[in-house]
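Structure, as structure tokens:
Letters go in sequence order (proteins before strands), and every chain restarts at 1. Treat the numbers as computed from the prediction; the structure is a model and nothing was measured.
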Amino acid sequence: MGDILEELFAKFSRLRIFKARELLLPDYVPEELPHRGEQIGQLATVLSPAISGSRPPNVFIYGLTGTGKTAVTKYVLKRFSAKVSDRVITSYINCRLCNTNYRVLSELARSVDRPVPFTGLSTSEVLMRFVNGLEAKGKLMIVVLDEIDWLVKNSGDAVLYHLTRLNSELSRSKLSLIGITNDLKFMEYLDPRIKSGLGEEELLFPPYTNKELEDILRIRAEMALNNGVLEEGVIPLCAAIAARQNGDCRLALDLLLKAADIAEREGAVKVTEHHVRRAQREIEKNLVIDAIRSMPLHVKLVLLSITILNRKGNQAKVTTGEIFNKYRELCDNLGVGEVTQRRVSEIISELDMLGIINARIVSFGRYGRTKIIRLAVSPRSVVEGLKTDLSISPLLDTISTS
DNA sequence: AATCCACAGGAAGTGCTGGGCG
DNA sequence: CGCCCAGCACTTCCTGTGGATT
């Protein structure tokens with residue numbers, strides 16, 4: 001009898017937390033973007049020549065993660081293309097997903113109805129098809145290259161170079177670029193010729209303040225959640241955590257979503273600060289685990305070596321050399337071929353950049369110069385991320401028992 | 001002041017995959 | 001079919017370097 005009531009209650013409260021969960025998902029672009037009016041105005045002004053059919057200048061947008069760069073750009077573009085869809089083609093490309101010259105170009109070719117196989121052709125061939133496709137359309141094309149730094153770091157700036165000077169080759173059509181990055185130093189290591197072409201206009205997105213984040217969360221919570229399901233301190237806490245992370249609005253919304261998810265899963269009637277804390281931990285952990293799962297075998301093995309050495313309690317002296325030795329031992333155990341120390345060194349740098357480990361260069365004078373490496377995440381997360389890989393899970397068993 | 005360790009990290013190349021094209 | 005392409009993980013060879021020791 002009590003069980004039935006409990007079940008009913010749980011079901012009932014599940015309905016109670018969310019009104020429209022999808023409004024909290026990260027790819028949802030809301031109708032209004034609070035506290036970004038200025039940026040919307042600036043971008044719209046820059047793009048306004050498109051209305052009369054002339055070419056807007058290329059724009060370069062920078063600002064930290066979650067400052068609304070992508071949302072504002074999509075928002076403005078959506079408004080524009082609704083107005084002038086007969087003259088303008090827009091294409092949004094996320095360079096983290098399309099992180100090679102070839103993939104960017106094939107994406108562009110696709111948006112001018114010249115689909116291209118995902119491999120096999122030379123990049124210049126794809127560029128030609130794109131240009132022909134665009135010329136056939138005879139329209140203005142606005143291309144958004146989001147997270148453009150990923151493209152350049154991965155594949156160099158060849159495509160950017162071509163795209164910035166493409167207009168001189170086009171007769172019937174025009175091309176405008178919008179580059180977005182959260183790497184504030186990105187412009188510095190760009191070829192000067194591209195820099196001047198891409199940065200005809202520049203927009204800087206400042207981080208959201210604590211107050212602004214709270215405001216955004218309130219508005220969104222009102223739409224996505226039912227009345228009164230949030231405990232008093234929940235929104236301020238989400239905002240405060242996100243404000244510390246450079247005013248990252250995406251994180252703020254994700255925290256709220258995950259906290260509400262947890263509350264709902266538990267059948268709780270209200271979302272509490274405790275749920276937010278747990279959401280925070282879960283987000284961090286999932287980020288790490290997902291990153292580990294998609295790593296190549298030898299990266300995993302190096303990471304495991306680091307984890308073992310860190311756990312053995314010989315703190316403050318885990319060096320590249322030691323990791324390499326441990327790594328070779330693991331390879332021997334598995335009967336797998338080893339990679340060179342050069343590669344291991346590179347893997348260590350990659351893991352450092354991902355924030356999974358901390359590496360700092362130290363010199364022991366006579367006794368050489370190396371890196372000291374420390375695990376920056378919990379060993380449990382590492383094990384969690386590694387254990388789905390059947391080829392190395394045998395190693396995990398021997399480690400946890402010893 | 002010179003030496004020399006234990007690497008860092010750049011440049012160029014290899015071998016393989018998974019696909020074109022004619 | 002043979003040849004070409006891009007991308008990736010990796011190798012080979014390399015030059016560079018902070019600072020304790022000689």
(request) Using the closest heavy atom to pick a nucleotide of DNA chain B for each, name whichever of A/Ile373 or A/Gly368 lands nearer the 5' end. (result)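 The residue closer to the strand's 5' end, by nearest nucleotide, is A/Gly368.
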Would you kindly give the [atom1]-to-[atom2] distance between [X] and [N], to the nearest whole Å?
{"X": "A/Glu125", "N": "B/dG19", "atom1": "CD", "atom2": "C1'", "value": "15 Å"}
{"X": "A/Ile348", "N": "B/dG9", "atom1": "CD1", "atom2": "P", "value": "10 Å"}
{"X": "A/Leu151", "N": "C/dG7", "atom1": "CG", "atom2": "C1'", "value": "14 Å"}
{"X": "A/Arg342", "N": "B/dG10", "atom1": "CZ", "atom2": "P", "value": "7 Å"}
{"X": "A/Ile361", "N": "B/dA8", "atom1": "CD1", "atom2": "P", "value": "8 Å"}
{"X": "A/Arg360", "N": "B/dG9", "atom1": "CZ", "atom2": "C1'", "value": "19 Å"}
{"X": "A/Arg366", "N": "B/dA2", "atom1": "CZ", "atom2": "P", "value": "15 Å"}
{"X": "A/Tyr367", "N": "C/dT22", "atom1": "OH", "atom2": "P", "value": "6 Å"}

More than 12 heavy atoms of other residues, nucleotides or ligands under 6.0 Å from [atom1] of [X]: yes or no?
{"X": "A/Glu350", "atom1": "CD", "result": "yes"}
{"X": "A/Asp290", "atom1": "CG", "result": "yes"}
{"X": "A/Arg250", "atom1": "CZ", "result": "no"}

Has [X] got a side-chain N or O lying under 4.0 Å from the OP1 or OP2 atom of [N]?
{"X": "A/Thr340", "N": "C/dT11", "result": "yes"}
{"X": "A/Thr319", "N": "B/dA6", "result": "no"}
{"X": "A/Thr123", "N": "C/dA6", "result": "yes"}
{"X": "A/Lys371", "N": "B/dG9", "result": "yes"}
{"X": "A/His298", "N": "C/dC10", "result": "yes"}

(request) Pick base, sugar-phosphate or nothing for A/Glu350, based on heavy-atom distances below 4.0 Å to the nucleic acid. (result)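 Since no nucleic acid heavy atom lies under 4.0 Å of A/Glu350, the category is nothing.
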(request) Classify the side chain of A/Ser363 and the base of C/dG18 as holding, or not holding, a donor-acceptor pair under 3.5 Å. (result) yes
(message) Which nucleotide wins on minimum distance to the side chain of A/Arg343, given the candidates C/dG7, C/dT11, B/dT3?
(response) C/dT11
(message) Parallel, tilted or perpendicular: which one describes the rings of A/Phe324 and A/Tyr327, with boundaries at 30° and 60°?
(response)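 Aromatic pair A/Phe324/A/Tyr327 classed parallel.
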(message) Can you pull out the residues from residues 104-120 of chain A that lie within a 4.0 Å heavy-atom distance of DNA chain C?
(response) A/Gly120
(request) Return the 5'-most residue of the pair A/Gln341, A/Ser124 with respect to DNA chain C, ranking by each residue's nearest nucleotide. (result) A/Ser124
